[in-house]
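What follows is a set of notes on a single structure, which appears directly below.
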Amino acid sequence: MDDMTRRFTITTPIFYVNGAPHIGHAYTSIAADVLARFHRLNGENVLFISGTDEHGQKVEQTAAAQGIETQAYADKISEDFRQMQRDMAISTDDFIRTTDERHKKAATALWNKVTENGHIYLGAYEGWYSTRDEAFIGEDELVTKPDGTKVAPSGAPVERVKEPSYFFRLSDFQDRLLKLYEENPDFIGPAGPRREIESFVKSGLRDLSVSRTSFKWGIPVPNDPDHVMYVWFDALTNYLTAVGYPDLSDPRAKFWPADLHIVGKEIARFHCVYWPAFLMAAGIELPKCVFAHGWWTVEGEKMSKSLGNALDPKALADEFSLDALRFFLMREVPFGGDSNFSRRSMITRMNVELANDLGNLAQRSLSQIAKNLGGVLPERGVLTEDDQSILALAQILPSIMAEQIERKAITEALEEAWKLVRAANSYIDRQAPWALKKTNMDRMADVLRVLVDLIRTIATMLQPYMPITMDKMLTQLGVEEGERSFAALEVPLPGGRVLPKPEGLFPRFVEETE
RNA sequence: GGCGGCGUAGCUCAGUGGUAGAGCAGGGGAAUCAUAAUCCCUUGGUCGGCGGUUCAAAUCCGUCCGCCGCUACCA
């Protein structure tokens with residue numbers, strides 16, 4: 001890749017190692033993966049990173065409760081997340097762990113830089129502390145007993161305590177942040193979270209406590225080993241770790257600033273307020289966009305530990321196939337909003353859109369080539385008006401989808417591809433090659449060739465969403481490895497290639513009880 | 001409480017001033033190449049209630065009802 005190639009840097013959140021990966025983690029990973037793959041196929045030089053956030057009191061406590069070394073515990077859960085991403089075919093270029101040496105170096109360097117620039121000072125963090133729980137309790141977590149005293153959720157008594165803490169001068173950045181949002185309306189997406197964050201910043205910012213002395217599992221504050229860095233300063237820095245910070249000569253340094261941070265809406269604020277403020281304080285360029293997506297509910301219920309309804313993405317992929325799961329997650333809801341996972345809608349989408357619409361389109365087209373043309377791809381023939389108008393739709397699909405992807409409309413981009421799928425089914429019925437077989441074999445071949453060209457466009461454009469199945473579909477169409485980029489669509493396939501025997505790629509899903 | 005969003009066909013939703021739309025589900029028909037898949041046509045809504053602005057409102061304003069989000073150290 002030369003320097004003229006457009007670079008695209010995209011991140012997932014780093015996942016907190018305090019529980020098993022569930023469908024929400026898979027969703028955020030798949031969404032970022034679709035975008036990363038799309039940009040790669042679009043000819044861009046992509047850096048796609050993910051990782052795990054492994055520090056903090058909760059991790060320390062959970063490991064202790066299980067009677068294992070904190071690092072060993074973090075190793076295990078971090079590996080679970082990497083396995084989940086392999087299971088979901090997530091095409092990351094790197095995986096950052098906050099316990100990596102390189103990350104500790106980056107976080108330490110950032111801390112020093114921000115301190116040097118005068119934005120960190122030593123103060124005191126005041127809060128409610130439960131000695132029995134050995135933890136600070138947030139104001140809103142306190143439970144008021146009938147007699148008026150406040151206690152921890154566990155019922156343990158709490159006391160007001162002060163602990164020394166370093167603070168980041170977040171309050172100094174209010175105006176600069178508002179200016180950032182105003183001058184870069186695309187910095188936060190979609191519009192809902194943007195308004196919320198703007199109004200949050202407008203309401204006034206307090207300085208941020210960025211260190212703790214109450215636990216040890218973290219990155220030591222430089223020159224004050226009693227303190228470890230508190231979560232956000234540590235965690236957000238992972239994005240810089242990935243580009244080799246603070247080593248500006250690192251080959252990846254040119255991948256900063258990041259183009260896109262994909263995050264869940266619950267952590268949008270930290271990415272849209274703290275993160276740019278830290279970077280401004282250090283004099284580092286800001287990312288271009290933070291995009292927040294919504295939550296999944298399960299059969300209409302919120303996913304929660306108490307309900308025990310967290311969905312295991314691996315189990316779903318095993319049952320429905322990975323690509324069907326990826327398709328469903330990207331298709332079911334406008335990216336950005338909340339959505340519901342139900343078995344029924346999963347199966348409906350699989351059968352109607354994948355099996356009936358797309359799978360059957362490929363199968364019916366290719367089987368006619370196999371049966372009537374000896375499996376040989378025909379050359380393009382003379383195009384009728386009908387041929388030309390549907391091929392024109394295929395020709396503009398890449399740019400239409402690219403526009404949607406540019407604005408992170410993953411679902412809408414997919415819908416654009418489906419318009420062509422439906423149009424192709426309509427075309428095949430209108431042209432009825434099975435009837436032409438009896439009257440005009442040449443015209444039949446022309447029609448089947450148009451269909452191959454349409455399906456090739458569809459399969460090429462759907463590779464980011466369903467990489468495994470679309471790989472097979474392109475092979476069935478006679479498209480070679482080097483002919484699968486978006487740019488390659490401009491060169492028609494040469495006729496005469498012998499196509500492999502077509503096989504159904506999206507079987508209908510039938511419930512065993514039915 | 002404050003700020004913001006939403007409420008459109010049975011379901012999921014699109015539609016920001018000019019005779020109500022898509023997909024799915026329902027009904028009728030065609031075709032039979034294909035994974036009993038496909039295609040065509042079609043039923044269906046006083047666009048949450050009320051009031052206002054306008055020649056004209058789902059679309060602007062007010063108000064009421066219902067649901068939801070945000071309201072910092074919790075990853």
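By convention in this document, chain letters (A, B, ...) are assigned in the order of the sequence lines, proteins followed by strands, and residues within each chain are numbered from 1. All values below were derived from every heavy atom in this structure, side-chain atoms included, with hydrogens, water molecules and symmetry-related copies excluded.
Annotation: the span from A:Ile49 atom CD1 to A:Asp94 atom CG amounts to 7.0 Å, rounded to 0.5 Å. Here the CE-CG distance, from A:Met330 to A:Leu462, works out to 13.5 Å after rounding to the nearest 0.5 Å. Interatomic distance, OG1 of A:Thr115 versus OH of A:Tyr121, reported as 13.0 Å (0.5 Å rounding).
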- Message: For a side chain to side chain contact (heavy atoms under 4.5 Å, CB included) check, start with the C-alpha distance between A:Met88 and A:Leu325, then their side-chain angles and the critical distance, and finish with the verdict.
- Response: CA-CA 9 Å; A:Met88 297 298 114; A:Leu325 175 64; 4.1 Å; yes
- Item | Residue pair A:Trp275, A:Phe187: steps toward the ring-ring contact (aromatic ring centres under 6.0 Å, His included) verdict | CA-CA 12 Å; A:Trp275 184 225; A:Phe187 180 71; over 10 Å; no
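The side chain of A:Arg195 sits closest to B:rG5 out of B:rG5, B:rC73, B:rA75. The side chain of A:Ser426 approaches B:rC39 more closely than any other nucleotide in the set B:rA75, B:rC39, B:rA72. Residue A:Asn360 has its side chain nearest to B:rA37 when only B:rC74, B:rA72, B:rA37 are considered.
Residues from residues 445-453 of chain A lying near RNA chain B, meaning a heavy-atom separation below 4.0 Å, are absent.
Every stem involving RNA chain B, taken as at least 3 paired positions in a row under the Watson-Crick or G-U wobble test at 3.5 Å, is listed here: B:1-7 with B:65-71, B:10-13 with B:21-24, B:26-30 with B:38-42, B:48-52 with B:60-64.
The heavy-atom pair separating A:Pro276 from A:Leu286 by the smallest distance is O-CD2, 3.6 Å.
Nearest-nucleotide mapping onto RNA chain B: of A:Ser203 and A:Ala423, the residue sitting toward the 5' end is A:Ala423. Positionally, the nearest nucleotide of RNA chain B for A:Glu196 lies more toward the 5' end than for the other of A:Phe270 and A:Glu196.
By the 4.0 Å N-to-carboxylate-O rule, A:Lys216 lies too far from A:Glu60 to be salt-bridged with it.
Relative ring orientation between A:Phe15 and A:Phe81 is described as parallel, the plane-to-plane angle staying below 30° on a 0-90° scale split at 30° and 60°. Note on ring orientation: taking the six-membered ring where Trp is involved, the planes of A:His22 and A:His25 are tilted (angle from 30° to 60°). Using bins of under 30°, 30° to 60° and over 60° for the plane-to-plane angle, the ring pair A:Phe168/A:Phe173 lands in the parallel bin.
Here the separation of B:rA25 from B:rG45, taken at their C1' atoms, is 16 Å to the nearest Å.
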Contacts under 3.5 Å, N or O only, protein and nucleotides 24-33 of chain B:
from	atom 1	to	atom 2	distance (Å)
B:rC33	O3'	A:Lys371	NZ	3.3
B:rC33	O2	A:Arg364	NE	3.4
B:rC33	O2	A:Gln368	NE2	3.0
B:rC33	N3	A:Arg364	NE	3.4
B:rC33	N3	A:Arg364	NH2	2.7
B:rC33	N4	A:Arg364	NH2	3.0

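The closest side-chain heavy-atom distance from A:Leu354 to A:Met466 is below 4.5 Å.
We find that CZ of A:Phe167 is positioned 16 Å from P of B:rA72, with the value rounded to whole Å.
Side-chain atoms of A:Asn356 and base atoms of B:rA37 include no donor and acceptor less than 3.5 Å apart.
A:Arg212 comes within 4.0 angstrom of sugar-phosphate atoms only, judged by non-hydrogen atoms across all strands, and of no base.
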